[in-house]
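What's counted below: heavy atoms across the whole structure, side chains too, no hydrogens, waters or symmetry copies.
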Amino acid sequence: MSAPTKAAPDPILLTLFANRFMSVAEAMGRALQQTSISTNIKERLDYSCALFAPDGDLVANAPFIPIHLGSMSFAVKYQMNLLGKDLKNGDVIMTNSPRAGGSHLPDITIITPVFSQDQPDKIIFFTASRGHHADIGGILPGSMPPTSVNIFEEGAEIVSFKIVKEGVFDRDGMLDYLVERPAKYPGCSGCRNIRDVESDLKAVRFVALTPSPPHAVTAEYSLETVQEYMYHIRNNAEQSVRNLLRDVAKRRGAKLSARDYLDDGSP
(Lines give C-alpha, C1' and ligand atoms only; values in the text may rest on other atoms or scores of the structure.)
Protein backbone atom coordinates (compact mmCIF):
# COMPACT_ATOMS: atom_id res chain seq x y z
CA MET A 1 0.00 0.00 0.00
CA SER A 2 1.36 3.40 -0.93
CA ALA A 3 2.08 6.15 1.57
CA PRO A 4 -0.71 8.67 2.19
CA THR A 5 -1.04 11.75 0.06
CA LYS A 6 -1.89 14.01 2.99
CA ALA A 7 0.90 15.38 5.17
CA ALA A 8 -1.00 14.59 8.36
CA PRO A 9 -4.26 12.82 9.16
CA ASP A 10 -7.33 14.58 10.40
CA PRO A 11 -7.46 13.64 14.12
CA ILE A 12 -11.23 13.22 14.13
CA LEU A 13 -11.19 10.97 11.07
CA LEU A 14 -8.25 9.04 12.53
CA THR A 15 -10.26 8.23 15.66
CA LEU A 16 -13.36 7.48 13.61
CA PHE A 17 -11.58 5.04 11.30
CA ALA A 18 -9.71 3.38 14.17
CA ASN A 19 -13.02 2.62 15.86
CA ARG A 20 -14.73 1.57 12.64
CA PHE A 21 -11.93 -0.87 11.84
CA MET A 22 -11.87 -2.24 15.39
CA SER A 23 -15.62 -2.77 15.25
CA VAL A 24 -15.09 -5.05 12.23
CA ALA A 25 -12.77 -7.30 14.27
CA GLU A 26 -15.18 -7.25 17.22
CA ALA A 27 -18.12 -8.19 14.98
CA MET A 28 -16.11 -11.04 13.46
CA GLY A 29 -15.32 -12.33 16.95
CA ARG A 30 -18.93 -12.19 18.14
CA ALA A 31 -20.18 -13.95 15.01
CA LEU A 32 -17.53 -16.66 15.35
CA GLN A 33 -18.38 -17.29 19.00
CA GLN A 34 -22.10 -17.49 18.30
CA THR A 35 -21.81 -19.86 15.33
CA SER A 36 -19.12 -22.21 16.71
CA ILE A 37 -19.87 -25.27 18.86
CA SER A 38 -16.55 -26.20 20.50
CA THR A 39 -15.73 -25.34 24.10
CA ASN A 40 -12.39 -23.87 23.01
CA ILE A 41 -14.00 -21.14 20.93
CA LYS A 42 -17.51 -20.74 22.34
CA GLU A 43 -16.63 -20.79 26.05
CA ARG A 44 -12.83 -20.48 26.49
CA LEU A 45 -12.70 -17.77 23.81
CA ASP A 46 -9.38 -19.11 22.51
CA TYR A 47 -9.58 -17.29 19.19
CA SER A 48 -8.68 -13.97 17.61
CA CYS A 49 -9.92 -11.90 14.67
CA ALA A 50 -8.26 -8.97 12.93
CA LEU A 51 -8.28 -6.72 9.87
CA PHE A 52 -5.20 -6.33 7.66
CA ALA A 53 -4.13 -3.83 5.01
CA PRO A 54 -3.56 -4.89 1.37
CA ASP A 55 0.15 -5.38 2.14
CA GLY A 56 -0.65 -7.74 5.04
CA ASP A 57 0.11 -5.37 7.91
CA LEU A 58 -2.18 -5.44 10.94
CA VAL A 59 -4.61 -2.51 10.98
CA ALA A 60 -7.07 -3.31 13.77
CA ASN A 61 -7.94 -6.04 16.20
CA ALA A 62 -10.25 -6.50 19.16
CA PRO A 63 -8.78 -7.51 22.57
CA PHE A 64 -8.29 -11.19 21.80
CA ILE A 65 -5.23 -13.46 22.31
CA PRO A 66 -1.90 -11.54 22.01
CA ILE A 67 0.14 -14.52 20.77
CA HIS A 68 -2.37 -14.97 17.93
CA LEU A 69 -2.40 -11.33 16.92
CA GLY A 70 1.36 -10.88 17.05
CA SER A 71 2.05 -13.46 14.36
CA MET A 72 -1.07 -13.35 12.18
CA SER A 73 0.38 -10.61 9.99
CA PHE A 74 3.25 -12.94 9.06
CA ALA A 75 0.70 -15.62 8.13
CA VAL A 76 -1.19 -13.20 5.87
CA LYS A 77 2.00 -12.03 4.17
CA TYR A 78 3.18 -15.61 3.66
CA GLN A 79 -0.01 -16.49 1.78
CA MET A 80 0.22 -13.28 -0.26
CA ASN A 81 3.74 -14.15 -1.37
CA LEU A 82 2.93 -17.83 -1.93
CA LEU A 83 -0.33 -17.50 -3.85
CA GLY A 84 0.00 -14.05 -5.40
CA LYS A 85 -2.40 -13.57 -8.29
CA ASP A 86 -3.87 -17.03 -7.68
CA LEU A 87 -6.01 -15.44 -4.96
CA LYS A 88 -9.56 -15.06 -6.25
CA ASN A 89 -12.75 -13.51 -4.95
CA GLY A 90 -14.46 -16.06 -2.69
CA ASP A 91 -11.23 -17.83 -1.68
CA VAL A 92 -10.62 -18.67 1.98
CA ILE A 93 -7.19 -19.99 3.00
CA MET A 94 -6.51 -22.39 5.88
CA THR A 95 -3.04 -22.66 7.44
CA ASN A 96 -1.43 -23.61 10.75
CA SER A 97 2.23 -24.26 9.92
CA PRO A 98 4.79 -22.42 12.08
CA ARG A 99 6.88 -21.84 8.95
CA ALA A 100 3.91 -20.04 7.42
CA GLY A 101 3.37 -17.61 10.30
CA GLY A 102 1.53 -20.02 12.59
CA SER A 103 1.92 -20.69 16.31
CA HIS A 104 1.34 -24.25 17.53
CA LEU A 105 -0.52 -26.62 15.23
CA PRO A 106 -3.94 -26.66 16.99
CA ASP A 107 -4.21 -22.94 16.22
CA ILE A 108 -5.69 -22.92 12.71
CA THR A 109 -5.66 -19.61 10.84
CA ILE A 110 -8.31 -18.70 8.28
CA ILE A 111 -7.40 -15.88 5.89
CA THR A 112 -9.76 -14.17 3.47
CA PRO A 113 -8.78 -11.64 0.80
CA VAL A 114 -11.48 -9.02 0.29
CA PHE A 115 -11.76 -7.60 -3.20
CA SER A 116 -12.96 -4.23 -4.42
CA GLN A 117 -16.53 -4.17 -5.67
CA ASP A 118 -15.54 -1.75 -8.43
CA GLN A 119 -12.26 -3.48 -9.39
CA PRO A 120 -12.87 -7.23 -8.98
CA ASP A 121 -9.17 -8.14 -9.29
CA LYS A 122 -7.96 -5.70 -6.62
CA ILE A 123 -7.51 -6.82 -3.00
CA ILE A 124 -8.44 -3.92 -0.71
CA PHE A 125 -7.78 -5.63 2.62
CA PHE A 126 -7.63 -9.02 4.35
CA THR A 127 -9.55 -10.47 7.26
CA ALA A 128 -8.13 -13.30 9.33
CA SER A 129 -9.03 -15.34 12.38
CA ARG A 130 -7.10 -17.89 14.40
CA GLY A 131 -8.73 -20.39 16.74
CA HIS A 132 -7.57 -23.27 18.90
CA HIS A 133 -9.04 -26.66 17.97
CA ALA A 134 -9.27 -29.54 20.42
CA ASP A 135 -7.52 -32.12 18.25
CA ILE A 136 -5.86 -32.20 14.83
CA GLY A 137 -4.19 -35.61 15.06
CA GLY A 138 -0.71 -36.66 16.09
CA ILE A 139 0.50 -39.20 18.64
CA LEU A 140 -1.75 -38.05 21.52
CA PRO A 141 -5.25 -36.60 21.86
CA GLY A 142 -5.12 -32.83 22.10
CA SER A 143 -2.27 -32.54 19.60
CA MET A 144 0.19 -31.06 22.12
CA PRO A 145 2.32 -34.11 23.08
CA PRO A 146 5.27 -33.40 25.41
CA THR A 147 7.21 -36.35 23.96
CA SER A 148 7.05 -35.46 20.26
CA VAL A 149 10.36 -35.43 18.40
CA ASN A 150 9.08 -34.02 15.09
CA ILE A 151 6.24 -31.79 13.96
CA PHE A 152 4.29 -34.65 12.38
CA GLU A 153 3.78 -36.20 15.81
CA GLU A 154 1.92 -33.04 16.84
CA GLY A 155 -0.75 -33.42 14.17
CA ALA A 156 -1.70 -31.99 10.80
CA GLU A 157 0.64 -29.35 9.41
CA ILE A 158 -1.00 -27.20 6.74
CA VAL A 159 1.17 -24.67 4.94
CA SER A 160 -1.53 -23.44 2.57
CA PHE A 161 -4.90 -24.86 1.60
CA LYS A 162 -7.88 -23.16 -0.01
CA ILE A 163 -10.64 -24.53 2.19
CA VAL A 164 -13.02 -22.42 0.13
CA LYS A 165 -12.22 -21.86 -3.54
CA GLU A 166 -14.21 -19.15 -5.28
CA GLY A 167 -17.06 -19.68 -2.83
CA VAL A 168 -17.09 -23.51 -2.87
CA PHE A 169 -16.25 -25.35 0.38
CA ASP A 170 -13.70 -28.14 -0.22
CA ARG A 171 -14.75 -30.72 2.37
CA ASP A 172 -12.81 -33.57 0.77
CA GLY A 173 -9.62 -31.52 0.82
CA MET A 174 -10.19 -30.59 4.45
CA LEU A 175 -10.63 -34.25 5.43
CA ASP A 176 -7.48 -35.14 3.52
CA TYR A 177 -5.40 -32.55 5.37
CA LEU A 178 -6.86 -33.17 8.83
CA VAL A 179 -7.65 -36.89 8.84
CA GLU A 180 -5.84 -38.79 6.09
CA ARG A 181 -2.40 -37.18 5.91
CA PRO A 182 -1.58 -37.06 9.66
CA ALA A 183 -2.44 -40.76 9.99
CA LYS A 184 0.25 -41.76 7.48
CA TYR A 185 3.08 -41.21 10.00
CA PRO A 186 4.11 -44.01 12.40
CA GLY A 187 2.18 -43.96 15.66
CA CYS A 188 0.07 -41.01 14.55
CA SER A 189 -3.65 -40.56 14.12
CA GLY A 190 -5.72 -38.14 12.10
CA CYS A 191 -8.07 -35.67 13.76
CA ARG A 192 -10.02 -37.51 16.46
CA ASN A 193 -12.77 -34.94 16.73
CA ILE A 194 -13.36 -34.00 13.11
CA ARG A 195 -17.04 -33.13 13.52
CA ASP A 196 -16.32 -30.35 16.01
CA VAL A 197 -13.34 -29.09 14.02
CA GLU A 198 -15.33 -29.12 10.78
CA SER A 199 -18.21 -27.29 12.40
CA ASP A 200 -15.92 -24.58 13.76
CA LEU A 201 -14.15 -24.22 10.42
CA LYS A 202 -17.53 -23.81 8.75
CA ALA A 203 -18.37 -21.16 11.34
CA VAL A 204 -15.19 -19.31 10.39
CA ARG A 205 -16.06 -19.72 6.72
CA PHE A 206 -19.46 -18.14 7.40
CA VAL A 207 -17.78 -15.20 9.14
CA ALA A 208 -15.20 -14.89 6.36
CA LEU A 209 -17.70 -14.81 3.50
CA THR A 210 -20.35 -12.65 5.15
CA PRO A 211 -20.68 -9.27 3.41
CA SER A 212 -18.08 -7.06 5.01
CA PRO A 213 -18.75 -3.78 6.88
CA PRO A 214 -15.60 -2.14 5.37
CA HIS A 215 -17.34 -2.22 2.00
CA ALA A 216 -19.89 0.16 3.49
CA VAL A 217 -17.04 2.35 4.77
CA THR A 218 -15.40 2.48 1.34
CA ALA A 219 -18.72 3.42 -0.22
CA GLU A 220 -19.07 6.23 2.32
CA TYR A 221 -15.52 7.62 2.27
CA SER A 222 -13.97 6.18 -0.94
CA LEU A 223 -11.40 3.40 -1.15
CA GLU A 224 -8.51 5.84 -1.39
CA THR A 225 -9.46 7.52 1.90
CA VAL A 226 -10.02 4.23 3.71
CA GLN A 227 -6.64 2.84 2.68
CA GLU A 228 -4.99 6.17 3.48
CA TYR A 229 -6.28 5.96 7.05
CA MET A 230 -5.19 2.35 7.31
CA TYR A 231 -1.69 3.73 6.81
CA HIS A 232 -2.25 6.60 9.27
CA ILE A 233 -3.49 4.24 11.99
CA ARG A 234 -0.38 2.08 11.73
CA ASN A 235 1.89 5.11 11.62
CA ASN A 236 0.16 6.60 14.66
CA ALA A 237 0.62 3.34 16.58
CA GLU A 238 4.32 3.28 15.71
CA GLN A 239 4.83 6.87 16.79
CA SER A 240 2.97 6.25 20.05
CA VAL A 241 5.28 3.36 20.96
CA ARG A 242 8.38 5.33 19.95
CA ASN A 243 7.29 8.26 22.15
CA LEU A 244 6.65 5.89 25.05
CA LEU A 245 10.14 4.39 24.74
CA ARG A 246 11.69 7.85 24.52
CA ASP A 247 9.85 8.86 27.69
CA VAL A 248 10.98 5.72 29.53
CA ALA A 249 14.58 6.25 28.39
CA LYS A 250 14.46 9.86 29.56
CA ARG A 251 13.21 8.88 33.02
CA ARG A 252 15.04 5.57 33.56
CA GLY A 253 18.02 5.74 31.22
CA ALA A 254 18.70 3.96 27.95
CA LYS A 255 19.62 0.63 29.61
CA LEU A 256 16.72 -1.20 31.21
CA SER A 257 16.66 -4.52 33.04
CA ALA A 258 14.02 -6.68 34.70
CA ARG A 259 13.69 -9.96 36.53
CA ASP A 260 10.79 -12.35 36.19
CA TYR A 261 9.92 -15.52 38.09
CA LEU A 262 8.58 -18.99 37.34
CA ASP A 263 5.57 -20.43 39.14
CA ASP A 264 7.81 -22.02 41.80
CA GLY A 265 9.55 -18.72 42.52
CA SER A 266 12.72 -19.46 40.55
CA PRO A 267 14.11 -16.32 38.87
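Cation-pi check for Arg181 over Tyr177 is met; the charged atom lies under 6.0 angstrom from the ring centroid and within 45 degrees of its normal.
Ring centroid separation for the pair Tyr229 and Phe21 does not come in under the 6.0 Å cut-off. Within the 6.0 Å centre-distance limit, the rings of Tyr47 and Phe64 are counted as a close aromatic pair. In this structure, His104 has its ring center under 6.0 Å from that of His132.
The closest donor-acceptor contact from the side chain of Arg246 to the backbone of Val241 lies at 3.5 Å or more, if one exists at all.
Scanning all heavy atoms of the two residues, the minimum distance from Thr127 to Met28 falls at CB-CE, 3.8 Å. Leu45 and Ile65 make their closest contact through O-CD1, 3.9 Å (heavy atoms, listed as atom of the first residue, atom of the second, distance). In terms of heavy atoms, Ile108 sits closest to Met94 at CG2-CG, 3.4 Å. Nearest heavy-atom pair, Ser129 versus Cys49, reported as atom, atom and distance to 0.1 Å: CB-SG, 3.8 Å. Between Gly173 and Phe161, the shortest heavy-atom distance links the atoms C-CZ, 3.5 Å. Between Leu178 and Ala156, the shortest heavy-atom distance links the atoms CD2-CB, 4.0 Å.
Using a 4.5 Å cut-off on side-chain heavy atoms (C-beta onward), Gln227 and Ile124 make contact. Two residues are said to be in side-chain contact when any heavy atoms from C-beta on lie closer than 4.5 Å; Pro267 and Tyr261 meet this criterion. In this structure, the side chains of Pro106 and Ser143 come closer than 4.5 Å at one or more pairs of heavy atoms. Using a 4.5 Å cut-off on side-chain heavy atoms (C-beta onward), Asn96 and Ile136 make contact. Considering only heavy atoms from C-beta on, His133 stays 4.5 Å or farther from Asn40 through its side chain.
Look at Lys162 and Asp86 and you find a salt bridge, because one of the NZ, NE, NH1 or NH2 atoms lies within 4.0 Å of a carboxylate O, short of that distance. Between Asp200 and Lys42, no side-chain nitrogen of the basic residue sits less than 4.0 Å from a carboxylate oxygen of the acidic one, so the salt-bridge criterion is not met. Using a 4.0 Å cut-off between a side-chain N of Lys or Arg and a carboxylate O of Asp or Glu, Asp57 and Arg234 qualify as a salt bridge. Between Glu180 and Lys184 there is no salt bridge, since no side-chain nitrogen of the basic residue lies less than 4.0 Å from a carboxylate oxygen of the acidic one.
With 3.5 Å as the limit, one finds no donor-acceptor pair spanning the side chains of Ser38 and Asp196. Using modelled atom types, one finds no donor on one side chain facing an acceptor on the other under 3.5 Å when comparing Asp118 with Ser116. Looking only at atom types and distance, the side chain of Asn235 has no donor-acceptor partner in the side chain of His232 under 3.5 Å away.
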